[in-house]
2 protein chains.
Amino acid sequence: MELKPIAERFVLHWGEMGSRWGVNRTVAQIHALLYLAGRPLDAEEITETLGVARSNVSTSLKELQAWNLARVVHLRGDRRDHFETSTDIWELFKLIVAGRRQREIDPTAVALRECLENPAIDDEDDGTRQRIEETLKFIEIMCTLSDEMLRIRPETLMKTLGVSAKISKTFRKKG
Amino acid sequence: MELKPIAERFVLHWGEMGSRWGVNRTVAQIHALLYLAGRPLDAEEITETLGVARSNVSTSLKELQAWNLARVVHLRGDRRDHFETSTDIWELFKLIVAGRRQREIDPTAVALRECLENPAIDDEDDGTRQRIEETLKFIEIMCTLSDEMLRIRPETLMKTLGVSAKISKTFRKKG
DNA sequence: CGTGAATTTCTGTTTTTACTGAAACAACTG
DNA sequence: CAGTTGTTTCAGTAAAAACAGAAATTCACG
């Protein structure tokens with residue numbers, strides 16, 4: 001598949017940002033490609049379009065599947081696996097938040113709880129203990145909040161956020 | 001400075017998670033150390049406590065300052081620079097969100113706008129254009145929302161979030 | 001089962017990033 | 001302003017991550 005100029009730019013940019021977001025370039029590029037394509041692509045097609053090794057595509061697709069950001073579909077009369085992603089940006093956002101939370105936040109919450117449950121905590125400075133407690137409390141609140149957000153349907157969420165933004169904007173003007 | 005066991009665990013864990021959060025280990029460790037210490041530390045003290053090179057500490061402190069996560073303070077009768085961070089976890093959160101947004105989101109918003117303003121966009125598939133538009137719209141809403149959050153005082157934010165979580169929990173029970 | 005297409009796994013290479021130690025630089029002190 | 005302390009820069013090294021290509025495996029289909 002030959003990418004048109006704008007699509008190519010989008011895919012390449014997404015790939016670059018991927019590094020900053022903690023996913024490797026190829027993974028991010030493939031996801032961008034699937035998103036823009038809006039139809040299932042097979043691995044060979046992805047390989048040619050992006051100009052990377054076939055094995056790299058395979059590995060990256062595995063990673064996307066682990067994030068629930070890509071799924072396998074089969075087209076009748078074609079033995080090959082094809083891959084697609086949601087074209088709903090809100091849906092994608094929810095999946096990414098869920099993934100990041102699981103990988104980046106949950107382990108920390110566990111570690112902090114272990115710190116606080118450890119009897120040795122009594123030997124630490126009061127300030128230390130207090131700050132660890134506050135950090136854990138903070139993380140737990142954030143987790144609850146993200147749970148709430150992930151539960152809501154995208155459209156609802158969008159409206160809520162849009163409205164709340166408008167409201168606070170109004171407040172600012174008046175205040 | 002000798003770290004007590006729990007504090008050491010916290011610092012090391014923070015360092016490990018740092019990698020997943022897109023900051024390098026040393027930077028994350030230093031920040032954790034400053035946070036737990038709750039008082040200004042000089043570079044030498046940090047070097048000894050963490051067991052890394054002095055130059056590494058210098059570079060990392062520069063990076064923390066670029067994030068507004070550390071600032072220099074001077075103690076009377078001491079020529080050395082000392083460094084401290086906020087011990088207010090909400091304040092830290094705001095700074096981190098602001099930094100990430102600036103580095104990870106804003107460039108993408110710019111790139112997407114450029115894509116859509118480019119006349120060549122007319123040669124692209126309708127689906128492609130539409131999805132790029134939706135993505136940009138999404139990013140803009142999220143930016144507005146984060147602006148709102150960053151403006152609110154931490155305590156207010158915390159209460160709002162806490163309450164909203166409780167409300168939706170209640171709704172779920174009844175629904 | 002045997003064949004060939006499709007896919008994954010594995011090994012080694014390349015690229016990138018983090019880090020160290022030494023040297024240069026800057027700021028203060030007597 | 002010479003000596004001392006403190007800080008940053010820089011060049012080289014080490015560690016980690018991404019990637020390519022080949023080999024191995026899986027699987028549909030006869």
Side-chain angles (χ1 to χ4, degrees), chain A residues 1 11-34 40-67 70-84 103-104, chain B residues 1 11-12 14-34 40-67 69-84 103-104:
Chain A
M1 186 170 67
V11 168
L12 293 181
H13 176 84
W14 215 254
E16 274 177 38
M17 294 313 287
S19 328
R20 304 202 194 178
W21 299 336
V23 279
N24 79 49
R25 199 173 19 150
T26 309
V27 171
Q29 282 183 0
I30 292 179
H31 186 242
L33 179 60
L34 292 176
L41 303 178
D42 66 76
E44 196 58 39
E45 218 170 346
I46 296 172
T47 301
E48 285 165 10
T49 307
L50 298 181
V52 296
R54 178 67 184 74
S55 56
N56 193 6
V57 171
S58 175
T59 310
S60 301
L61 282 168
K62 270 279 155 66
E63 197 169 331
L64 281 174
Q65 285 169 285
W67 281 80
R71 59 181 160 278
V72 180
V73 295
H74 282 106
L75 277 57
R76 49 169 294 134
D78 194 333
R79 285 175 52 184
R80 292 170 301 180
D81 287 353
H82 288 244
F83 300 86
E84 67 175 5
R103 279 154 240 248
E104 303 175 7
Chain B
M1 185 171 64
V11 168
L12 294 180
W14 214 255
E16 273 177 37
M17 295 313 287
S19 329
R20 304 202 192 178
W21 299 337
V23 279
N24 78 48
R25 198 174 20 143
T26 309
V27 171
Q29 281 183 1
I30 292 178
H31 186 242
L33 179 60
L34 292 176
L41 303 178
D42 66 77
E44 197 59 38
E45 219 170 345
I46 296 172
T47 301
E48 284 165 11
T49 308
L50 298 181
V52 297
R54 178 66 184 74
S55 56
N56 192 7
V57 170
S58 176
T59 311
S60 301
L61 282 168
K62 271 278 154 65
E63 197 170 331
L64 281 174
Q65 285 170 285
W67 282 82
L69 285 174
R71 60 182 160 279
V72 179
V73 294
H74 284 105
L75 276 58
R76 51 170 291 136
D78 196 332
R79 286 174 53 184
R80 294 168 299 180
D81 288 353
H82 289 245
F83 300 87
E84 66 174 4
R103 279 153 239 249
E104 302 175 9

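Throughout, protein chains are lettered first and strands after them, A, B, ... in sequence-line order, and every chain is numbered starting at 1.
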Could you give the side-chain donor-acceptor pairs of residues 49-67 of chain A under 3.5 Å, partners two or more places apart or in another chain?
residue: A:Thr49; atom: OG1; partner: A:Met1; partner atom: O; Å: 3.1
residue: A:Thr49; atom: OG1; partner: A:Glu45; partner atom: O; Å: 2.6
residue: A:Asn56; atom: ND2; partner: A:Thr26; partner atom: OG1; Å: 3.2
residue: A:Thr59; atom: OG1; partner: A:Ser55; partner atom: O; Å: 2.9
residue: A:Ser60; atom: OG; partner: A:Asn56; partner atom: O; Å: 2.8

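- Of all non-hydrogen atoms in A:Glu84 and A:Pro40, the two that sit nearest each other are OE1-CG, 3.7 Å.
- Contacts with DNA chain C (heavy atom under 4.0 Å) in residues 11-26 of chain A: none are found.
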Just the atom pairs and distances: protein N or O near nucleotides 26-30 of chain C's N or O, under 3.5 Å.
residue: C:dA27; atom: N3; partner: B:Arg79; partner atom: NH2; Å: 3.4

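- Put simply, chain B comes within 4.0 Å of DNA chain D, heavy atom to any atom, from D:dT5 to D:dT9, going 5' to 3'.
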What's the verdict on side-chain contact (heavy atoms from CB on, under 4.5 Å) for A:Phe83 and A:Asp42, showing C-alpha distance, side-chain angles and the deciding distance? CA-CA 6 Å; A:Phe83 300 86; A:Asp42 66 76; 5.9 Å; no
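- Minimum heavy-atom separation, A:Glu16 to A:Arg25: N-CG, 4.4 Å.
- As rounded to whole Å, 16 Å separates atom C1' of C:dT8 from atom CG of A:Asp42.
- Qualifying side-chain contact (heavy atoms from CB on, under 4.5 Å) partners for B:Glu104, counting only residues two or more places apart in sequence or in other chains: A:Arg20, A:Trp21, B:Arg100.
- Closest non-hydrogen pair, B:His74 versus B:Arg79, comes out as CD2-O, 4.2 Å.
- A pairwise comparison of heavy atoms in A:Gly15 and A:Ala28 identifies CA-CB, 3.9 Å as the closest pair.
- In this structure, B:Leu34 and B:Ile46 have side chains that are in contact, with non-hydrogen atoms separated by less than 4.5 Å.
- Annotation: proximity of residues 49-64 of chain A to DNA chain D (heavy atom, distance under 4.0 Å) is found for A:Val52, A:Ala53, A:Ser55, A:Asn56, numbered in ascending order.
- To the nearest 0.5 Å, the span separating CG on B:Asp81 from CG on B:Leu75 amounts to 11.0 Å.
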